[in-house]
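Read the numbers this way: they start at 1 and go in the same order the structure lists the ligands and their atoms.
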Amino acid sequence: MCGIVGYIGHREAYPIILKGLKRLEYRGYDSAGIALYDGENIKLSKTKGKVDDLEKRINSEISTVGTLGIGHTRWATHGVPNDINSHPHYSNSGDLVIIHNGIIENYGTLKKELINRGYSFTSETDTEVLINLIEDIKKSENIKLGQAVQIALTQVVGAYAIAVFDKNKPNEIVVARLGSPLAIGIGDDEFFIASDASPFIEYTNNAIYLEDEEMAIVRRGKEIKVRKIKDDSLVNPYVQKLQLNLEQIEKGGYEHFMLKEIYEQPNAIKDTYRGRLLTDKAIIKMSGVEDNMKKFLNANRIIVVACGTSWHAGLVSEYIFENLARIPVEVEYASEFRYRNPVINENDIVIAISQSGETADTLAAIKLAKSKGAFVFGVCNVVGSSIARETHAGAYTHAGPEIGVASTKAFTTQITVLSLIALRLARAKGTISSSDFRHHLIELEMIPDKVEKALKSDDYVKSIAEIYKGTKNFLYLGRGYNFPVALEGALKLKEISYIHAEGYPAAEMKHGPIALIDENMPIVVIATKNGQYDKVVSNIQEIKSRKGKIIGIVTKGDQIVKELADHVIEVPETLESLSPLLTTIPLQLLSYHIAVMLDRNVDQPRNLAKSVTVE
Ligand code: F6R
């Protein structure tokens with residue numbers, strides 16, 4: 001987690017870095033800081049709190065003049081969020097300054113050695129250890145900063161994306177990565193450094209993404225040099241043309257990114273299936289699947305690895321793959337999978353799902369699966385992300401940047417991609433008839449319009465939010481394809497409103513959670529027509545007898561649940577396998593409105609960060 005930004009060139013660095021930090025705040029937001037070189041010295045200002053807090057105090061602390069600078073927005077790992085632990089960090093001499101995203105696992109040992117050599121530390125961070133290690137190597141070996149960084153990184157165990165500069169060499173920034181992302185934007189005689197491309201997209205669309213164990217020295221007005229940290233070999237970096245545009249990363253009139261992203265879903269889903277879903281020809285085209293069709297057809301089973309919302313999308317896919325393509329599926333939390341000794345063999349396909357493509361546990365699960373010979377297929381949103389690169393093949397979701405910490409459009413586009421894959425495999429395996437296949441394609445193509453219709457319930461959902469905003473607990477129930485949606489609805493509410501919520505398979509309610517139900521308990525029940533509707537209606541009866549408050553998510557025109565429930569929110573009818581794409585919409589809106597009414601920080605809920613790059 002943490003966001004890093006740097007600039008070296010001919011413009012004033014401060015406004016670029018400040019704006020960049022605001023765009024990267026989704027990565028962490030418990031403290032922020034900036035270091036600038038003003039022509040003579042390093043000026044540094046940092047604070048606990050958000051980038052806005054930094055902005056408020058920076059002008060009274062330092063001059064913000066300078067064409068070289070680095071900035072950081074933090075998600076604390078080592079050391080509580082406070083001013084001192086915030087980045088950037090100086091070396092003991094005050095000559096060097098660093099920003100770091102990641103964790104140095106052996107910092108304790110390194111720190112002891114440095115203390116024995118006379119170094120002192122003001123913060124509790126691993127980062128301050130790293131910058132002093134660099135300084136120690138630089139001084140004792142009398143070498144340049146780049147070389148010192150390189151040697152220091154060979155002594156470090158952990159993960160990092162770093163940017164370092166030396167006030168005595170104010171024409172260069174040294175950057176390096178292992179396990180945390182780092183992009184370098186290439187402008188005209190200027191360079192931008194950032195955790196992703198959003199801080200520099202209005203200046204350049206040429207970028208290099210450093211690979212793991214690579215470092216680069218970016219020099220004002222010179223060519224960039226990228227090399228391997230371990231063997232010092234020069235790398236010819238691939239300069240990528242970015243597709244991102246500024247509107248995609250701005251709020252565009254919405255109060256929050258989350259709301260914007262909820263409303264973007266019709267287009268995001270369209271973008272996901274564009275060029276892949278060819279309804280008139282009755283085909284699905286996905287190069288990642290086509291190129292590896294033999295592997296998919298020979299697969300004994302699919303193991304899905306993911307975390308959080310992506311794991312919920314994986315659970316939905318379990319129903320889809322098993323039903324349509326008749327391939328057994330196991331869905332695993334990446335964090336558990338990686339520390340077991342899972343039985344994996346060559347005929348297993350591992351599908352890793354991740355919006356950010358940077359989630360540390362998912363990345364580690366992929367590496368483990370690869371080491372055991374499995375073929376690993378990625379479903380990622382962020383193009384060029386670590387997971388996209390680490391997997392053997394994959395399919396992007398093309399949802400566009402998701403900035404709100406709570407995942408919304410990532411979830412629905414992941415389900416869209418997974419549905420396309422399952423349908424393609426079902427067709428190839430002959431487990432679906434051609435008429436059924438065509439029917440699925442037609443229905444999938446209509447989903448964006450139906451999502452649009454589901455969004456029309458917004459005002460009504462808001463009025464329900466008003467009634468229940470003061471509630472301490474919520475229960476979410478669903479069955480079949482909509483059981484994972486119940487889990488996802490509960491997760492959305494928890495993470496942005498801080499209200500406790502549980503998701504459960506509706507039939508499991510009577511094995512425990514039913515004891516929680518009384519007249520104060522709102523229960524969101526997904527009861528769409530084509531699922532196990534009658535069974536869910538029975539579950540609703542059971543809730544009603546215990547006086548629970550029922551919020552039903554039903555298919556348009558439903559009468560039975562309407563009679564029983566306190567409120568019903570209608571979604572358009574579709575195939576049951578596609579219904580999660582619609583039923584999830586009112587749940588996203590419900591959590592959003594409750595969180596806004598409770599005055600929560602919707603886009604940046606407490607303690608969370610968008611990409612979880614630590615395990
Ligand atoms: C919840 C949420 C998280 C992420 C999880 C995995 O709204 O956003 O639970 O889904 O951290 O992140 P990715 O998909 O980036 O691997």
Under 3.5 Å side-chain donor-acceptor pair for Ser386 and Glu358: yes

In ligand 1, which numbered atoms sit nearer than 4.0 Å to a non-hydrogen atom of Glu495? 1 (C), 7 (O)

Ignoring angles and geometry beyond distance, decide whether Thr362 reaches within less than 3.5 Å of ligand 1 through its nitrogen or oxygen atoms. no

Lys/Arg-Asp/Glu bridge criterion (N-O < 4.0 Å) met for Glu211, Arg177: no

Work out whether the distance between some heavy atom of Val405 and some atom of ligand 1 is less than 4.0 Å. yes

Under a 3.5 Å distance rule, please check whether Glu402 uses its side chain to pair with a backbone N or O of Ala410 as donor and acceptor. yes

May I ask you to say whether Glu255 pairs ionically with Lys260, meaning some side-chain N is under 4.0 Å from a carboxylate O? no

Atom 12 (O) of ligand 1 [closest protein heavy-atom partner, distance rounded to 0.1 Å]: Thr359 OG1, 3.4 Å

If you measure from each heavy atom of Lys492 to ligand 1, is any distance below 4.0 Å? yes

Should you measure from each heavy atom of Ser407, which atoms of ligand 1 turn up under 4.0 Å away? 7 (O), 8 (O)

What atoms of ligand 1 come closer than 4.0 angstrom to any heavy atom of Gln355? 13 (P), 14 (O), 15 (O), 16 (O)

Are Asp53 and Lys50 ion-paired here, with the side-chain N under 4.0 Å from a carboxylate O? no

Measure the distance from atom 5 (C) of ligand 1 to every protein heavy atom, then report the residue, atom name and distance (to 0.1 Å) of the closest one. Cys307 O, 3.7 Å

Result for side chain to side chain donor-acceptor pair (under 3.5 Å) between Asn381 and one of Lys409, Gln414, Gln355 points to Gln355

Note: ligand 1 atoms sitting under 4.0 Å from heavy atoms of Ala406 are 7 (O)

How close does the nearest protein non-hydrogen atom get to atom 2 (C) of ligand 1, and which residue and atom is it? Thr309 OG1, 3.8 Å

Taking atom types as modelled, find out whether Gln588 and Gln265 have a side-chain donor-acceptor pair closer than 3.5 angstrom. yes

Atom 11 (O) of ligand 1: closest protein heavy atom, distance to 0.1 Å, is Val612 CG2, 3.9 Å

Under 3.5 Å between any N/O of Gln414 and any N/O of ligand 1: does that happen in this structure? no

Distance-only donor-acceptor check, side chains Glu488 and Thr584, under 3.5 Å: no

Under a 4.0 angstrom heavy-atom cut-off, which atoms of ligand 1 come close to Ser356? 13 (P), 15 (O), 16 (O)

Here the atoms of ligand 1 under 4.0 Å from any heavy atom belonging to Ser310 are 10 (O), 13 (P), 14 (O)

Testing the 3.5 Å rule here: is there a donor-acceptor pair between the side chains of Asn601 and Tyr29? no

